[in-house]
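Everything on this sheet refers to the single structure shown next.
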Protein chains: 2
Amino acid sequence: MDAGQGPAGHRQTGQRPTGERRTAILGAAARLFAARGYRGVTIDDLGRAVGTTGPALYRHFPGKEALLGEVLVDISDRLSRRGRELVAGAGGPRDALEALLRGHIEFSLDEPDLITVHDRELGNLTEEDRSRVRRLQRGYVEEWVGVLTELRPASRPAALRASVHAAFGLLNSTPHSRGALSRDEMAALLLRMGSAALLAGDPVPGPG
Amino acid sequence: MDAGQGPAGHRQTGQRPTGERRTAILGAAARLFAARGYRGVTIDDLGRAVGTTGPALYRHFPGKEALLGEVLVDISDRLSRRGRELVAGAGGPRDALEALLRGHIEFSLDEPDLITVHDRELGNLTEEDRSRVRRLQRGYVEEWVGVLTELRPASRPAALRASVHAAFGLLNSTPHSRGALSRDEMAALLLRMGSAALLAGDPVPGPG
DNA sequence: GAGGGATGTTAATGCTCACTAACAACAGTG
DNA sequence: CACTGTTGTTAGTGAGCATTAACATCCCTC
């Protein structure tokens with residue numbers, strides 16, 4: 001039915017297996033937006049970062065806003081999808097919580113740029129992209145809230161949601177403490193702290 | 001030696017007791033920078049927010065950058081000064097930690113705008129302002145680290161520092177969970193979570 | 001080897017915005 | 001009431017920047 005290739009049917013030199021440039025631009029965008037903010041990065045900066053000039057970007061994306069949109073939707077999508085999978089595959093709420101913590105920590109240690117951009121740049125999105133990202137974020141939060149509901153039945157949903165946001169703040173702090181600890185030490189520390197914080201939400205922690 | 005008034009020797013109508021306009025501009029700057037980011041706010045926005053036009057701002061500040069500088073230095077200064085006082089007035093490390101937590105929570109609930117701007121806009125500062133802010137922030141962090149050192153003698157300084165940054169992330173999450181809980185409920189929740197997180201830093205929490 | 005699509009390049013274009021100029025109002029002081 | 005300093009106002013001015021136009025390449029297909 002078709003030639004079996006993606007939208008751009010190139011090969012041979014191995015330079016463009018499919019959308020390599022596109023992916024490179026998205027990566028550079030995440031990195032630069034994290035470092036200098038959306039408004040602090042110009043089209044020319046982005047082009048230069050991937051070895052072309054600025055306007056070449058318009059061959060791959062309709063504009064700067066769309067670029068940011070794609071980056072943010074991608075992060076939110078990966079986080080929420082991962083959360084759903086982890087919870088589904090866990091044995092019980094305790095297991096699920098640890099899996100969520102480990103998953104989020106892995107993400108924040110591997111991709112601090114994406115974490116940084118994640119809710120710093122919501123305001124620069126199209127109305128449509130913004131609501132997409134918000135919906136995905138809400139879904140991810142509710143995944144955590146669902147697990148916490150089983151572990152802290154005495155807490156109201158509003159308190160659980162606030163707890164989850166607070167835990168995200170804790171877990172996402174890695175961009176602020178770069179390099180002091182090894183990756184494994186940092187992961188272990190965040191796991192202990194995050195776990196303790198989330199389970200400390202109830203005024204009376206012991207059994208009902 | 002002088003007329004006994006500030007730099008602007010006005011009164012009578014009661015409109016400008018001293019630098020009222022100046023203070024209003026700083027407040028508007030904090031609010032608008034928090035909402036839309038430094039680059040997303042124009043001089044005209046700032047003027048309009050305080051009932052004048054944009055260029056009037058230059059009668060009070062040398063430029064937009066100086067405005068941001070003053071806001072950030074002010075926050076950092078208040079936080080670190082407060083931290084020093086609280087620790088000095090505490091009975092022991094346990095007391096001091098609780099005082100630091102309560103103080104920081106109060107600040108973040110009372111001035112979410114300042115918290116939001118605090119480390120989001122460091123990159124837009126003059127080199128000089130940036131290093132001033134960094135020095136103040138470091139002092140504040142070290143205040144916390146000093147207290148934690150007594151409570152968790154088994155932890156290395158790097159781990160303590162990372163713990164403190166993580167706790168700040170947790171405590172500063174309030175802008176993300178607005179209005180769901182009452183102020184007092186939120187304060188209590190953050191105190192429990194922050195305390196648990198900071199004391200959970202050691203692999204083995206018990207004595208020796 | 002001509003046609004065509006994908007991808008780049010350089011040169012506009014037009015808007016936004018920080019900052020400056022030139023001028024006005026006004027209060028307190030001699 | 002002239003004098004002066006403070007604070008505003010309305011028009012520039014010039015730089016930066018996203019986007020578009022017009023024009024090259026290159027590769028693949030026929």
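All values below come from the heavy atoms of this structure, side chains included, with hydrogens, waters and symmetry mates left out. None of these values were measured; they are calculated from a predicted model. Order of the sequence lines sets the chain letters (A, B, ...), proteins ahead of strands, with each chain counted from 1.
Whole-Å rounding puts the A:L46 CG to C:dT9 P distance at 14 Å. We find that CZ of B:R21 is positioned 15 Å from P of C:dA27, with the value rounded to whole Å. One can place CZ of A:R48 at 16 Å from P of C:dG8, the figure rounded to the nearest angstrom. Between the CD atom of B:E20 and the P atom of D:dG8 there is a distance of 10 Å, rounded to whole Å. C:dA18 atom P lies 12 Å from atom CG of B:N124, rounded to whole Å. The distance between atom OH of A:Y58 and atom P of D:dT20, rounded to the nearest whole Å, is 7 Å. The CD1-C1' distance, from B:I25 to D:dT6, rounds to 14 Å in whole Å. Distance A:R22 CZ to C:dA6 C1': 14 Å, rounded to the nearest Å.
Each of A:L57 and B:E65 was matched to the nucleotide of DNA chain C holding its nearest heavy atom; the match closer to the 5' end belongs to A:L57.
For CZ of B:R132, the number of neighbouring non-hydrogen atoms (other residues, nucleotides, ligands) closer than 6.0 Å is 12 at most.
For the pair A:V117 and A:L68, the minimum side-chain heavy-atom distance is below 4.5 Å. Within the 4.5 Å cutoff, the side chain of A:Y140 has no heavy atoms near those of the A:R82 side chain. Between A:L198 and A:L151, the closest side-chain pair of non-hydrogen atoms is not below 4.5 Å. Taking the side chain as every heavy atom from C-beta outward, A:L97 and A:L199 approach each other to under 4.5 Å. Contact annotation: the side chain of B:F168 approaches that of B:H104 to within less than 4.5 Å [non-hydrogen atoms, C-beta and beyond]. Contact annotation: the side chain of A:L79 approaches that of A:H118 to within less than 4.5 Å [non-hydrogen atoms, C-beta and beyond].
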Please enumerate all protein N or O atoms sitting under 3.5 Å from an N or O of nucleotides 12-17 of chain C, with distances to 0.1 Å.
none

Distances under 3.5 Å between protein N/O atoms and the N/O atoms of nucleotides 9-12 of chain D, please, pair by pair.
from	atom 1	to	atom 2	distance (Å)
D:dT9	OP1	B:T53	N	3.4
D:dT9	OP2	B:T53	N	2.8
D:dT9	OP2	B:T53	OG1	2.4

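With hydrogens and angles ignored, the 3.5 Å screen pairs a side-chain donor or acceptor of A:S182 with a backbone N or O of A:E185. A donor-acceptor pair under 3.5 Å is absent between the side-chain atoms of B:S195 and the main chain of B:R192, judged by distance alone.
Taking 4.0 angstrom as the limit, A:H60 places a side-chain polar atom (N or O) nearer than this to OP1 or OP2 of C:dG8.
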